[in-house]
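Count residues from 1 along the sequence.
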Amino acid sequence: LDNTQLKQLGAERAKLLILGSDDDGANLQTALNAREIWDSTNGSDDYGPTCLVQIRDGRFLTLLYERLKGEGEFADSRIRTINVYQNAARIMFGRNFLEPKPIKPGDATRVNLYVFGFGAMGEEVVLQAARIAHFANEKPLRIRVIDENAARLADRFRLRYPAFDQIAEIEFFPNAFEDADVLEILKARASEDDWETMAVLCGDDSTQNLSLAFSLHEHFRDTRTRVVSYLDADWSFLEGESALLDGQKPLRFGLYDGIRGWRINAVEKMDELAQAVHINYLRTRKSTNMAHPQLPEKLWASIDPLLKAS
């Protein structure tokens, strides 16, 4: 967004700006433009809005952190970075461990990770898996990526992460998700003794992911394979008994799972906590009117906004 568009949106009155496109540079430039509009309208001494900026590229993020801590146009504590894809991948692996049982020193167990789709979500799943897959038996994680554009995506990935093969074994299959030949290869590898396997479906189409999840449950029936599907909408109905598949609930994760864990987005919870503190303060002061059930809310509403924020 340019300055004209930001002014039309009322950037000079904003309290929070979230820049969440997949273009890191555009997100950062828009945040800087918004800060410039605020400062020119309200003065640089006024703290103004916090900008949550989506930055996916790790190298760019490292450079940005150095500039934000330094001096100059990027040195602004009001600009904070987020990566919703990385956040979702972390939560997914926090709920679905790569190894269902702890792997001990000397164990022969190894872990397969099959990733279907290598867009923004698929790449973050692979990176997060590599961060956490350090097993006590020192055997590396084996990753297989299935994507019709795998050849091009693999070249770009290896260019950005040239040392990745030192951490995990990774192989790319330039095939459609439900390619019968590829599925047979994957099933054969998942059927090998001492292998634990997880398949994560990261396509852009949630309906396709869900359909493939049911197919893979059937295809990998005789193997120790867990299937986790990325769904970008509210698919909570899958938790019901009607969605059970052979006695198993489909495992799922979403882009905004756990979003209340973000400190800046927990405003409502922070308000509830502050109001509770205020009510306790009134009770401690032995207010004579606390018996009235609506009084704490009215008293809270009458407080100066700056005091509420503090």
Least distance between heavy atoms, [X] atom then [Y] atom:
X: Met121; Y: Ala89; value: CE-N, 3.8 Å
X: Val111; Y: Leu141; value: O-CD1, 3.5 Å
X: Thr30; Y: Leu6; value: O-CD1, 3.8 Å
X: Asp24; Y: Gln54; value: OD1-O, 3.5 Å
X: Leu201; Y: Asn209; value: CD1-O, 3.1 Å
X: Asp22; Y: Arg56; value: OD1-CD, 4.1 Å

Quick one, [X] and [Y] - any side-chain contact, counting heavy atoms below 4.5 Å?
X: Leu19; Y: Leu52; result: no
X: Tyr114; Y: Phe220; result: yes
X: Thr50; Y: Lys15; result: no
X: Leu216; Y: Phe116; result: yes
X: Phe164; Y: Val126; result: yes
X: Glu123; Y: Arg160; result: yes

Cation-pi, Phe172 ring and Arg144 (6.0 angstrom, 45 degrees):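 No, Arg144 does not lie over the aromatic ring of Phe172.
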
How many angstroms lie between [atom1] in [X] and [atom2] in [Y], if you round to the nearest 0.5 Å?
X: Asp23; Y: Asp57; atom1: CG; atom2: CG; answer: 11.0 Å
X: Leu127; Y: Ile132; atom1: CG; atom2: CD1; answer: 11.5 Å
X: Leu153; Y: Arg158; atom1: CG; atom2: CZ; answer: 12.0 Å

Which residue in the set Thr223, Thr225, Leu98 passes side chain to side chain contact (heavy atoms under 4.5 Å, CB included) when paired with Thr197?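 Among the candidates, only Thr225 passes.
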
Look at the aromatic rings of Tyr161 and Phe157 and report parallel, tilted or perpendicular, splitting at 30° and 60°.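 The rings of Tyr161 and Phe157 sit tilted, inter-plane angle from 30° to 60°.
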
Could you check whether any side-chain N or O of [X] sits under 3.5 Å from a backbone N or O of [Y], counting only pairs where one atom can act as donor and the other as acceptor?
X: Arg224; Y: Trp195; answer: yes
X: His219; Y: Lys187; answer: no
X: Asp179; Y: Ala176; answer: no
X: Asn137; Y: Pro105; answer: no
X: Asp107; Y: Thr109; answer: no
X: Tyr230; Y: Val200; answer: no
X: Asn33; Y: Asn3; answer: no

State yes or no: are the ring centers of Phe97 and Phe93 separated by less than 6.0 Å?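 No, they do not, as the ring centres are separated by 6.0 Å or more.
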
Test salt bridge (Lys or Arg N to Asp or Glu O under 4.0 Å) applied to Arg110 and Glu138, Glu99, Glu196, Glu169, the passing residue: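 Of Glu138, Glu99, Glu196, Glu169, salt bridge (Lys or Arg N to Asp or Glu O under 4.0 Å) with Arg110 is met by Glu169 alone.
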
Arg221/Glu218 salt bridge by N-O under 4.0 Å criterion: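 Here Glu218 pairs with Arg221 in a salt bridge, since their nearest N and O are under 4.0 Å apart.
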
State whether the number of non-hydrogen atoms from other residues, nucleotides or ligands found under 6.0 Å of Lys7 atom NZ is greater than 12.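 At most 12 heavy atoms, drawn from other residues, nucleotides or ligands, come within 6.0 Å of this atom.
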
Are Val53 and Leu32 connected into the same hydrophobic cluster when the rule is that any two of I, L, V, M, F, W, Y join if their side-chain heavy atoms are below 4.5 Å apart?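 Yes; Val53 is reachable from Leu32 via cluster members.
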
Donor-acceptor side-chain pairing of Glu148 and Asn175 below 3.5 angstrom: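 No, because no side-chain N or O of Glu148 sits under 3.5 Å from a partner of the opposite role on Asn175.
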
Does Arg152 have any salt bridge (charged side-chain N to carboxylate O under 4.0 Å, His left out) partners at least two apart in sequence or in another chain, and if so, which?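 Counting only residues at least two positions away or on another chain, Arg152 forms no salt bridge (charged side-chain N to carboxylate O under 4.0 Å, His left out).
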
